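Keep in mind it's a predicted model, so treat the numbers as computed, not measured. Note that these values count all heavy atoms, side chains included, but never hydrogens, waters or copies made by symmetry. When a ligand or atom number is given, it counts from 1 through the structure's own listing order.
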Amino acid sequence: MSDMILFGAFPYVAVALLISVGIYRYCVDRYSWSSQSSQFLESRVLFWGSVPWHYAILIILMAHFLAFLFPSGWGVLLGRPIRLYLLEVTGLGLGISTLIALALLIFRRVLNARVSVVTTIVDWLVLAALLLQVATGVYIAFTLRWGSVWYLHTATPWLWSLVKFDPQVQYLAALPAVVKLHAFNAFLILAIFPFSRLVHVVSVPLSYLSRPYQVVVWYRERRAG
Ligand code: HEM
């Protein structure tokens, strides 16, 4: 029963919150839709935390998505031991990088008084949830060998069953508690997402790629000649 609530019902609550609160916030308070950068307050530690964090977590999330979207291709990719080892070692390296980078970002908010003062309760909640997510992920990769393979036979069919509105929680039922925590916390992060500065994830400024490098707007009329 509790599995059904946690893995069969809660994911829909999380996605419903994500979409409804996200749209509401965008319409009602558009200027809050940002990462609310604290770079002006402190930039050195931010650089060493933020850059590795973003590169590593994006690659890890991409791997999660590829195994979900293209399970047979992913299975073929991992069909040779050498490719499996390479992928697992790379994943572990990236996972450890996310952990170190996130620890730096958290210490920066704790230790730097100017940054600490602009950190809200929701920010702490997001940081705690992200820390739990990457710590359990790295723990799983370390202790429950070949997660990239068994993910295909557990997480992938469970996630697809959610997409098809026919939750099959038995795919997760027999997995160790730490995997269940990792899966539940992923949806908790989605539920917190629209209330936090995580919304910046879906406001990538793609137009910056094509706009002129510099836009000069004349404040007064230019003199003739
Ligand atoms: C917010 C979404 C998620 C984030 C940020 C996240 C993050 C991570 C991280 C950082 C790792 C460690 C990678 C490594 O060291 O190899 C990991 C591993 C893992 N994650 Fe997630 N995860 C998310 C969602 C999920 C979901 C929904 C599942 C489904 C149950 C899942 C299943 C796994 C598994 C099985 C591993 C171990 C992979 C291996 O051993 O190579 N993750 N995750």
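- Counting heavy atoms under 4.0 Å from ligand 1, residue Glu88 touches it through the side chain alone.
- The nearest protein atom to atom 24 (C) of ligand 1, hydrogens excluded, is given as Gln133 NE2, 3.5 Å; this is a heavy-atom distance.
- Annotation: Tyr151 places no N or O atom under 3.5 Å from an N or O atom of ligand 1; distance criterion only.
- Within ligand 1, counting atoms from 1 as listed, the ones closer than 4.0 Å to a heavy atom of Trp150 are 35 (C).
- Of all the atoms in ligand 1, the ones that sit under 4.0 Å from a non-hydrogen atom of Val134 are 10 (C).
- When hydrogens are left out, the protein atom nearest atom 27 (C) of ligand 1 is Ala186 CB, 3.8 Å; that is the closest non-hydrogen contact.
- In this pair, His64 and His182 present their aromatic rings tilted. The plane angle is within the 30 to 60° band.
- The part of Ile60 lying near ligand 1 is the side chain, judged by heavy-atom distances below 4.0 Å.
- Atoms OG and CG, on Ser72 and Leu77 in that order, are 11.5 Å from each other to the nearest 0.5 Å.
- Checked against a 3.5 angstrom limit, the closest N/O atoms of Thr98 and ligand 1 fall outside it.
- For Tyr171 and His153, the distance between ring centers is not under 6.0 angstrom.
- A donor-acceptor contact closer than 3.5 angstrom links the side chains of Thr119 and Arg109.
- Tracing side-chain contacts under 4.5 Å through hydrophobic residues (I, L, V, M, F, W, Y), one reaches Leu188 starting from Trp124; they form part of the same cluster.
- Here's the thing with His182: one of its N/O atoms is less than 3.5 angstrom from an N/O atom of ligand 1.
- Between Tyr12 and Phe165, the angle of the ring planes stays under 30°, which puts this pair in the parallel group of the 30/60° scheme.
- Side-chain contact check for Asn112 versus Phe107: every heavy-atom pair is 4.5 Å or farther apart.
- Counting protein heavy atoms only, atom 25 (C) of ligand 1 is closest to His64 CD2, 3.4 Å.
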Ser35 and Arg197: CA distance, side-chain angles, deciding distance, side chain to side chain donor-acceptor pair (under 3.5 Å) verdict: CA-CA 5 Å; Ser35 68; Arg197 50 176 99 200; over 6 Å; no
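- Atom numbering of ligand 1 starts at 1 in the shown order; those under 4.0 Å from a heavy atom of Leu61 are 2 (C), 3 (C), 4 (C), 5 (C).
- Atom 12 (C) of ligand 1 has as its closest protein heavy atom Gly137 C, 3.4 Å.
- The Gly91 neighbourhood of ligand 1 comprises atoms 13 (C), 14 (C), 15 (O), 16 (O), with distances under 4.0 Å to a heavy atom of that residue.
- Counting only heavy atoms from C-beta outward, the side chains of Phe70 and Val76 never approach each other to under 4.5 Å.
- The atoms of ligand 1 that sit less than 4.0 Å from any heavy atom of Ile140 are 37 (C).
- Classification of Glu42 and Arg114 as a salt-bridged pair fails, no side-chain N sitting under 4.0 Å from a carboxylate O.
- Counting atoms of ligand 1 from 1 in the listed order, those under 4.0 Å from a heavy atom of Ala155 are 29 (C), 30 (C).
- Listed by number with element, the atoms of ligand 1 under 4.0 Å from a non-hydrogen atom of Ala183 are 30 (C).
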